[in-house]
Amino acid sequence: MPRSPDEAHVWVTAACVGPKTLTARLSLPARLAVVDAHARHRGPYTAAGALLREIVPEVVRRRPDLVVRHHRELLTAAPELEAFVPGHRTTLAWAAAAAEVTRNHRGSRTAHIAHGLVDFLTAWLRSVDHGPRALVIRHAACADPTDAELLAILLRRMRPSLLRLVVCAGDDAPADLLGALGRHAVRMPEPSGSGSGDEGGTDPRTLAAQYIAGDCTSEDLALRAAYDALTAGERIRLHDLRADVLEAAGEPSLHLGAIPFHRERGRDPIGAGVQALRTALEHCVRMGLHHAVVDLGTRSLALLDWATKPEQCWEVCSQVATALTALGHTAQAAALYDLACANSALPSLHMQSALGRALLHVRSCEEDQCDHEEARLWMNTAVAMARLVPESQRQGLGLSLDESAVALIEWHVGDPAKALARVTRAVRRDDQDADAAAQTPHRALLLHQRAGFLAAIGSPEEALRAYGEAIAAAPQQGEPYFERARTHWRLGRHADALADYDMAIALSPPSAEAHFERGRLAMETGDHRRAAREFSRVLELEPDRLDALVHRAGVFVELGDLDPAARDVSDGLRLDRTRADLHCLRGVIALQSGRPEEAGEAFEETLRADPTLVAGWTHRAALRFADGDIGDAIEDLTEALRIGGEDPAIRADRGLVNERAGRLTHAIADYSAALEHPGADHAQLTYRRGRCLVRAGRPAFARADLVRCLGLGDSETAGLARAELELLGPQGGSTLSSRTPISSLSRDRAPWRINAEHTGLGRA
């Protein structure tokens, strides 16, 4: 971290500081942007939207490819920019469809959006020769969680030499933002006279009007006092006037912040106020802005009356409960379902509430805390309520059961066949519907869900066909490509899997998981350089992701880059000292660096942390073999086989150690067992067994193996076999050197490689 605030991001411990004051205290670049992050102005992404509206018109002229590539992120943060997206059709309509297709956005979506915005800004700033820039963010402590999250990521990822951030925030800022400021910015105390810089006359009405014109965000005490001194009627009139002015501007993001704020305080809060909140709420639901959904919905419920508008109250309750569920606040979501059921006897409300409670337990399933009986109870309640009403009356009572939700619950509570049958019936019912509505995003959701079920319990080929249908129904969705890639991978179709991962990444905001899986695939195909790049991207997005550190360290070891591997291991152990795989990697690095004592200590620590880690036993065996401890090496390899099951590579290694110890019968048995596996190195193993047979005094069998070696296509091994055949005589020749390394049987197999199916270290 640079010590000088002239070389780093800056944290100003004040809510709002004028540009003149800042430039007097800091050496800021001439190109200076100042944005106000107060969520009251435009709700989610208030600060991000202000910056984007300023720069995107120029980016479109000079780098339209960046705008197209990041259109999802840009339009989520600043919906006004739709007109600037070249050649993109009805993007906001696409966003609405996307929300339906994926049912409900995950809680992590805003983090993906934030990383996409950082990528966009970084690429743009690097492509223009404008010199360093600065961005001043005022009222950061009052920012919407989306802006606070974006600022925290910007502070970590953006180089100050490219864009210096000056964040004005007191100690009441959100915890994650405060943490990022503490780690990545130099703290500068609040400057004297650091007010907002508002200027105006002394007339109280003028001051009050200024306060409302600033959406009641000013820190100026005189403005606030003038506002408080207004009569109730005058205050209402000014709020309505301000809302009228903002609506006339025609900017969608104003409907997410200032307009509902002023309408709530105008002459018709129950009518115009609720409608303004509803407009904002529906947008935030579509875009997966969960914190805003909770805020807007809570404000709506404060104005609505269950007795007169139960349907509207329930709609808001349901949306807020869904957002709370996505954010992991399941207890609060359950309390909302209770509130709704206590305030209304609407059949549809109770049915959907029961389904919502069941889905809460599905979320608990994902957290390994599933109560299957509770989930079944609520699911069956919802199904029973739907069936109690004749089909002809269900639509009028809103009792159309959500088949995809029920199928998801059935899947999680242990009825996968029933879940697949249910969603298949729903798809066929839509297929038989000649109406154009059959091609709705909901049908795409059903197709996607069916493909996922088939991938888990059906044939892979059938799942691939189903994913193809889901992609055809929603070609702009990345998730079906991502899941289909896994199915291709299972079938060994690596090129197809890679192409699907590429599409998934191209169609989605940045996601660490997609890059992680693409990195694992690159490892499996031997493209270690690409694997290292992919895991580096994962760690750029999620710097404390332990499995990515482990995998990248393993890849660096594969490449012989021991210094970066050691740094990754050190970083990983800083996060978790108990990880056996990291201690194992530490031992491998020490062994390859010529520090056998350190390697031995690391392997001992590995097996203390996890006695079932096969790699710990095999690496300690290799070390003991190198030290001449043949018996101990055999014991370790035997334990590795007992724990990990039959592995031809471990069998081959134990055969070599047995051969070195003169236990020829055991060595021959190990080589023979290894040769039964199709993926083993048959040329090497046949040669080794043949040589053991020579030494064991069984020349006829030895000659058969050595002759067989000549036709197995390995020129090096064939040469050794030919030499052995020439030496074959009464004494039986042998070319085994006492210095033969334990891993020589599988020189293309790095024994520290991370198993693609497990988090820990293992054999590829």
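Side-chain atoms are counted along with the backbone in the values below, which use heavy atoms only and exclude waters and symmetry mates. Quick caveat, the model's predicted, so the values are computed rather than measured.
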Does [X] reach the main-chain N or O of [Y] with its side chain, forming a donor-acceptor pair under 3.5 Å?
X      : Y      : result
His9   : Leu165 : yes
Thr46  : Ala37  : no
Trp617 : Leu641 : no
Asp496 : His488 : no
Thr606 : Ala602 : yes
Arg552 : Leu539 : no
Arg518 : Glu534 : no
Trp124 : Val59  : no
His551 : Asp547 : yes

Rounded to the nearest 0.5 Å, how far does [atom2] of [Y] lie from [atom1] of [X]?
X      : Y      : atom1 : atom2 : result
Asp632 : Leu637 : CG    : CG    : 11.0 Å
Asp147 : His38  : CG    : NE2   : 12.0 Å
Thr322 : Leu360 : OG1   : CG    : 9.0 Å
Thr612 : Ile643 : OG1   : CD1   : 6.5 Å
Leu163 : Arg159 : CG    : CZ    : 13.0 Å
His70  : Leu66  : NE2   : CG    : 6.0 Å

key: Audit row: Val136, Cys168, side chain to side chain contact (heavy atoms under 4.5 Å, CB included) steps and yes/no   = CA-CA 8 Å; Val136 178; Cys168 302; 4.3 Å; yes

Thinking salt bridges, do [X] and [Y] make one under a 4.0 Å N-O criterion?
X      : Y      : answer
Arg484 : Asp500 : yes
Asp119 : Arg537 : yes
Arg530 : Asp502 : yes

For residues [X] and [Y], determine if any side-chain heavy atom of one lies less than 4.5 Å from a side-chain heavy atom of the other.
X      : Y      : value
Thr110 : Tyr45  : yes
Cys284 : Pro44  : yes
Arg72  : Leu507 : yes
Trp11  : Leu178 : yes
Val614 : Ile650 : yes
Leu591 : His619 : no
Leu52  : Leu117 : yes
Leu151 : Ile137 : yes

Do the side-chain N and O atoms of [X] and [Y] include a donor-acceptor pair separated by under 3.5 angstrom?
X      : Y      : value
His583 : Arg586 : yes
Thr525 : Asp527 : no
Thr13  : Arg187 : no
Arg157 : His115 : yes

Quick one: closest heavy-atom pair of [X] and [Y], and the distance?
X      : Y      : answer
Phe482 : Arg486 : CE2-NH2, 3.3 Å
Leu177 : Ala148 : CD1-O, 4.2 Å
Ile153 : Ala111 : CD1-O, 4.2 Å
Ala455 : Arg490 : O-NH1, 2.7 Å
Ala565 : Phe556 : CB-CB, 3.6 Å
Ala292 : Asp144 : CB-OD1, 4.3 Å

task = Could you walk me through whether Asp561 and Arg567 pass salt bridge (Lys or Arg N to Asp or Glu O under 4.0 Å), step by step?
result = CA-CA 11 Å; Asp561 298 337; Arg567 286 194 293 271; over 6 Å; no

request  = Might you confirm whether atom CG of Asp563 has over 12 heavy atoms from other residues, nucleotides or ligands at distances under 6.0 Å?
outcome  =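 Open: at most 12 neighbouring heavy atoms sit under 6.0 Å from CG of Asp563.
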
Asp627, CG atom: more than 12 neighbouring heavy atoms under 6.0 Å =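 Atom CG in Asp627 is packed in, count exceeds 12.
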
query = Within 45° of the axis and under 6.0 Å from the centre of the six-membered ring of Phe120, does NZ or CZ of Arg69 qualify?
reply =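 Here Arg69 fails the 6.0 Å and 45° test against Phe120.
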
query = Stepwise, does the side chain to side chain contact (heavy atoms under 4.5 Å, CB included) test hold for Leu154 with Leu121?
reply = CA-CA 10 Å; Leu154 267 172; Leu121 289 171; 4.3 Å; yes

task = Walk me through it: do Arg545 and Glu513 pass the test salt bridge (Lys or Arg N to Asp or Glu O under 4.0 Å)?
result = CA-CA 10 Å; Arg545 180 158 175 166; Glu513 196 59 37; 2.9 Å; yes

message = Test of understanding: with side-chain hydrogen bond (donor to acceptor under 3.5 Å, both in side chains), list the residues that count as partners of Arg624, not counting sequence neighbours.
response =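 Once residues adjacent in sequence are excluded, the partners of Arg624 under the side-chain hydrogen bond (donor to acceptor under 3.5 Å, both in side chains) criterion are Asp636.
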
task = Applying side-chain hydrogen bond (donor to acceptor under 3.5 Å, both in side chains), name anything that partners Tyr501, two or more places apart in sequence or on another chain.
result =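 By the side-chain hydrogen bond (donor to acceptor under 3.5 Å, both in side chains) rule, Tyr501 matches Glu517.
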
task = Starting from the C-alpha separation in whole Å, work towards a yes-or-no answer on side chain to side chain contact (heavy atoms under 4.5 Å, CB included) for His71 and Leu74.
result = CA-CA 5 Å; His71 70 271; Leu74 298 179; 5.6 Å; no

task = Assess whether side chain to side chain contact (heavy atoms under 4.5 Å, CB included) is satisfied between Glu524 and His494, documenting all intermediate values.
result = CA-CA 9 Å; Glu524 185 166 308; His494 294 151; 3.0 Å; yes

